[in-house]
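Remember, predicted model here, so these are calculated numbers, not experimental data. As a basis for the values below, the full set of heavy atoms in this structure was taken, side chains included, without hydrogen atoms, waters or symmetry mates.
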Amino acid sequence: MLNIATHSFTDCQALAASLAERVAGLLREAIAARGRAVLAVSGGSTPKHFFEQLSHAELDWAKVQVTLVDERWVPESSDRSNARLVKAMLLTDRAAAATFVPLHQDTPTPEEGLAALEAQVDALALPFDVVVLGMGPDGHTASFFPGGDRLAEALDPASSARVIPMRADGAGEPRITFTLPALLDTRALFLHIEGDAKRRVLADAQLGLAEGRDYPVRAVLEQTRVPVTVYWCP
């Protein structure tokens, strides 16, 4: 039995408001209990409204660390940069006081920047309090792409690696990604998806049906370490 709860909304604004309220509440609880909170978010176009809503939340943002679940290996000046998106849409208003921990170094390849990235991850007050994942139409989440050159390692529940490079035909640029066991080291896990096409992919993944393909998001849905809460709208 999959440990998944689904919340459906009529539009993206209603979803964003509800998800932001829930995440802000969890961050407040973490700060009250431990004096700090750690949030990992996804890039892409889907979370923009959620970021905007969350940026206005009333909480002690100075005690929050924000990072990404994965990143494209591009400079922050690129419009493909997830860091650029997070800084523009989330780390504004009240949330500007948060500490941002990027997943990029000024090196030609993620392999060359890996040691420095691992040191940055060491600075996070792990475990995560909240992880918000997205999902692509090919069933990828984080940078767990179908056909990824290190997909098996990224999804290995016994892996001790926290961040690894990833390359795949569908990924565009080389990527850096937290591994699945690292992302599951969280107190709350959300999957934020929008659109009927992605809902069908998610349904197929939950049923184990993928038209002959193994959607990587299944590894998130089938794990038993932490419940998954899905937020969806058309």
Side-chain angles (χ1 to χ4, degrees), residues 1-5 26 30 34 37-43 65-73 82 101-105 109-136 138-171 174-193 201-202 204-210 212-230:
M1 181 68 69
L2 300 180
N3 193 359
I4 302 170
L26 290 168
R34 292 173 292 280
V38 188
L39 167 66
V41 297
S42 300
Q65 292 177 311
V66 177
T67 192
L68 288 153
V69 302
D70 70 325
E71 178 61 285
R72 301 176 176 99
W73 205 254
N82 287 335
V101 180
L103 289 184
H104 185 264
Q105 292 288 318
T109 67
E111 288 81 4
E112 291 169 274
L114 190 57
L117 285 176
E118 289 172 342
Q120 288 178 203
V121 171
D122 285 340
L124 290 169
L126 298 175
F128 295 112
D129 292 290
V130 181
V131 170
V132 184
L133 295 171
M135 188 190 72
D138 60 356
H140 86 265
T141 188
S143 282
F144 309 152
F145 282 88
D149 62 344
R150 300 181 69 174
L151 180 60
E153 181 182 352
L155 299 182
D156 183 357
S159 174
S160 61
R162 290 182 295 183
V163 288
I164 63 171
M166 186 72 68
R167 290 171 173 79
D169 289 342
R175 307 279 186 118
I176 193 80
T177 187
F178 274 99
T179 62
L180 180 61
L183 292 174
L184 296 181
D185 189 20
T186 182
R187 296 181 174 91
L189 179 62
F190 297 92
L191 180 60
H192 174 188
I193 61 172
V201 169
L202 182 65
D204 285 351
Q206 287 178 264
L207 293 172
L209 304 173
R213 294 186 299 164
D214 189 9
Y215 291 136
V217 73
R218 285 181 59 187
V220 174
L221 302 174
E222 293 175 351
Q223 56 79 31
T224 58
R225 183 171 173 179
V226 60
V228 180
T229 303
V230 177

CA sep, side-chain torsions, deciding dist, call: Val228, Val220, side chain to side chain contact (heavy atoms under 4.5 Å, CB included)
CA-CA 8 Å; Val228 180; Val220 174; 4.1 Å; yes
Asp185 bridged to Arg162 by N-O distance under 4.0 Å
no
If every non-hydrogen atom of [X] is compared with every non-hydrogen atom of [Y], which pair is closest and at what distance?
X      : Y      : answer
Phe128 : Ala40  : CE2-CB, 3.8 Å
Leu180 : Phe144 : N-CZ, 3.5 Å
Ala188 : Leu26  : CB-CD1, 3.6 Å
Leu184 : Arg225 : O-NE, 3.4 Å
Gly134 : Ser42  : N-OG, 3.2 Å
Thr186 : Val226 : O-CG2, 3.8 Å

Drop me the distance from [X]'s [atom1] to [Y]'s [atom2], to the nearest 0.5 angstrom.
X      : Y      : atom1 : atom2 : answer
Arg175 : Leu103 : CZ    : CG    : 12.0 Å
Glu222 : Gln206 : CD    : CD    : 10.0 Å
Ile176 : His104 : CD1   : NE2   : 9.5 Å
Leu221 : Ile4   : CG    : CD1   : 4.5 Å
Asp138 : His140 : CG    : NE2   : 5.5 Å
Glu153 : Ile164 : CD    : CD1   : 4.5 Å

For [X] and [Y], indicate whether the former's side chain and the latter's backbone hold a donor-acceptor pair under 3.5 Å.
X      : Y      : value
Gln223 : Pro157 : no
Thr141 : Leu133 : no
Asp129 : Val38  : yes
Gln65  : Ala125 : yes
Gln105 : Glu112 : no
Thr177 : Asp70  : no
Thr229 : Phe190 : no

Is there a side-chain contact between [X] and [Y], using heavy atoms and a 4.5 Å cut-off?
X      : Y      : result
Arg167 : Thr109 : yes
Thr224 : Asn3   : no
Leu126 : Val121 : yes
Glu71  : Pro110 : no

Between Leu68 and Val41, does the side chain to side chain contact (heavy atoms under 4.5 Å, CB included) criterion hold? Intermediate values first, please.
CA-CA 5 Å; Leu68 288 153; Val41 297; 4.2 Å; yes
Does Leu151 form a side chain to side chain contact (heavy atoms under 4.5 Å, CB included) with Phe145? I'd like the steps, not just the answer.
CA-CA 7 Å; Leu151 180 60; Phe145 282 88; over 6 Å; no
Determine, step by step, whether Leu191 and Leu202 satisfy the side chain to side chain contact (heavy atoms under 4.5 Å, CB included) criterion, reporting the C-alpha distance in whole Å, the side-chain angles of both residues, the deciding distance to 0.1 Å, and the verdict.
CA-CA 10 Å; Leu191 180 60; Leu202 182 65; 3.7 Å; yes
